[in-house]
Amino acid sequence: MRCLYLCQELAPYFVEGGLGQAARALPELLHHHHGLDHTLLIPYYPRLVAQQDLRTETVATLPAATFGGLVTVERLLGHNGSCEVLLLRADHWYDREGIYRDGQYVEFPDATERAAFYGSAVAWWVRASGRSYDLVHGNDWQSGPALAHLRQMRGKGGQPALLMNIHNGEYRGDVSPRQAERMGLPKPFTARLLSAAQGGPSLLLTGLLAADAATTGSPGYARELTEAFAGTALGDALEPLGMEGIVAGVDRKVWDPTSPGPLAVAYDGLGVTDGKRANKFLLQRFAGLRTDPGIPLFAVCARLVPDKGIDLVLAALDPLLASGRAQLAVIGTGDAEYLELLADLQDRAPGAVHHSPHFDQAHACLVYAGADFTLMPSRVEPCGLNQLIAMAYGTIPLVSAVGGLRDTVTDLVEDPARGTGFRCASLTPGAVGHTVDHAVRWLAEQSGEVERTRQRAMAHDWSWERTARQTARLYERVVSGG
């Protein structure tokens, strides 16, 4: 089976979150272990390419008259993967300081126009290259126009099959009816979109109308999306597709406590207590926190946005941090208001708060290895990778009961024998604070159970291999029309 994978990110080169990690790991495993030949088509981000000294070679030039300037398809060289990685170079659209947002974390105002261009260019490449694909796997609303073009191109043959992967249904690429008419979609499809849209067209709806099947990051989030979209144009488009939720994985070659990088010391499940203690000291020293083995240390590695419940994190931890009864290590950037709140906390609680806006792999490994807890009171979490990575390091997640968090974290209060973390009863500062207080007492008073829980969490298989097996079965069903 030949597959084309459409995505805006690719770890470790162009990545903002879990989407880039998935693009790196999943096609490789499908290609290697399931015989599903994959080509990835990702935008070429000139500044990121230059920063990392990446090498490419031109394999095609798209007609300038059609696309309003020079556009090329470049093959990425030396990326140490078995899949072919193609980069769509169009500097007018992609020569910017970020993937989706500017330096102030504000989304580019022409985001939907970029996606429309990407869709047209993907279709041109597929047609001009003469390549035939059995399946095209589109990711998020930015792939919607591409799926629409490919649906129109395939005619009566039914190939390629089209799969729409919704990583987060909160982001839909909304457009006005007038914008929809100017996206360059095939006229019959534009008419279908406007007819189905109930006055609210979006690029996510575009992708669902074009797709043969849909998937998302967990069974729980699949149910939540189906319920949230019920009675809407998105729900009407999703219903005939069904939606399969497949939990994403953790790349254990990257996130491995037995090989934790240059800043941390190695440990496994049997040595988890000593390993966590040693890495906690290293993290406290590295992050400028007070070195105290008994103080609970919380980690947050996430985009600092409302979906992630960052306001709840700060509200719940504030009294503990201000009084020196807890510590917080944060990696991530996001909305200005949260950056300001973090800076204020650092001023009010010296030696208790560390914040790094820039992701660094070695630093992140140390944070997961050294922290006692990761705090994720997310309002929306299709899958969540941070809780899976945390558990691989024996770091106990405190989570909300939504989406993939509910699917992957067993509550210690409800099921002490099998629990791997704590769930917040609701998404309020009081409920999150109550969960934090309970976890802090548990850490201090139940050392034996803490060790057993850490070992249980580390023993779970949340690997990409498991995800790939389920995805391979989904591909086969979609291509066969089953």
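By convention here, the first residue in the shown sequence is residue 1. Computed from heavy atoms alone, side chains included, the values below leave out hydrogens, waters and symmetry copies.
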*Would you say Leu342 and Leu304 make side-chain contact, with heavy atoms under 4.5 Å?*
yes
*Any cation-pi pair here, Arg114 with Tyr94, using under 6.0 Å and within 45°?*
no
*asked:* Are more than 12 heavy atoms, taken from residues, nucleotides or ligands other than His434, located less than 6.0 Å from that residue's NE2 atom?
replied: no
*With distance as the sole test, does Thr420 use its side chain to make a donor-acceptor pair with the main-chain N or O of Val409 at under 3.5 Å?*
no
*Heavy-atom closest contact (Glu9 atom, Ala23 atom, distance)*: O-CB, 3.4 Å
*Is a salt bridge present between Glu244 and Arg477, judged by a nitrogen-to-oxygen distance below 4.0 Å?*
yes
*Name the orientation class of the two ring planes belonging to His38 and Tyr5 (parallel below 30°, tilted from 30 to 60°, perpendicular beyond 60°).*
tilted
*Would you indicate whether Glu239, at its atom CD, is surrounded by more than 12 heavy atoms from other residues, nucleotides or ligands within a distance under 6.0 Å?*
no
*asked:* Are more than 12 heavy atoms, taken from residues, nucleotides or ligands other than His32, located less than 6.0 Å from that residue's NE2 atom?
replied: no
*Salt-bridged, Asp292 to Arg290, with N to O below 4.0 Å?*
yes
_Aromatic contact, His354 with His363 (centres under 6.0 Å)_ = yes
*Would a line drawn from the ring center of His167 to the ring center of Tyr221 be shorter than 6.0 Å?*
no
*Are the charged groups of Asp372 and Arg454 less than 4.0 angstrom apart, N to O?*
yes
*For the rings on Tyr171 and Trp141, is their centre-to-centre separation under 6.0 Å?*
no
*asked:* Measuring from atom CG of Leu283 to atom OG1 of Thr291, what distance do you get when rounded to the nearest 0.5 angstrom?
replied: 11.5 Å
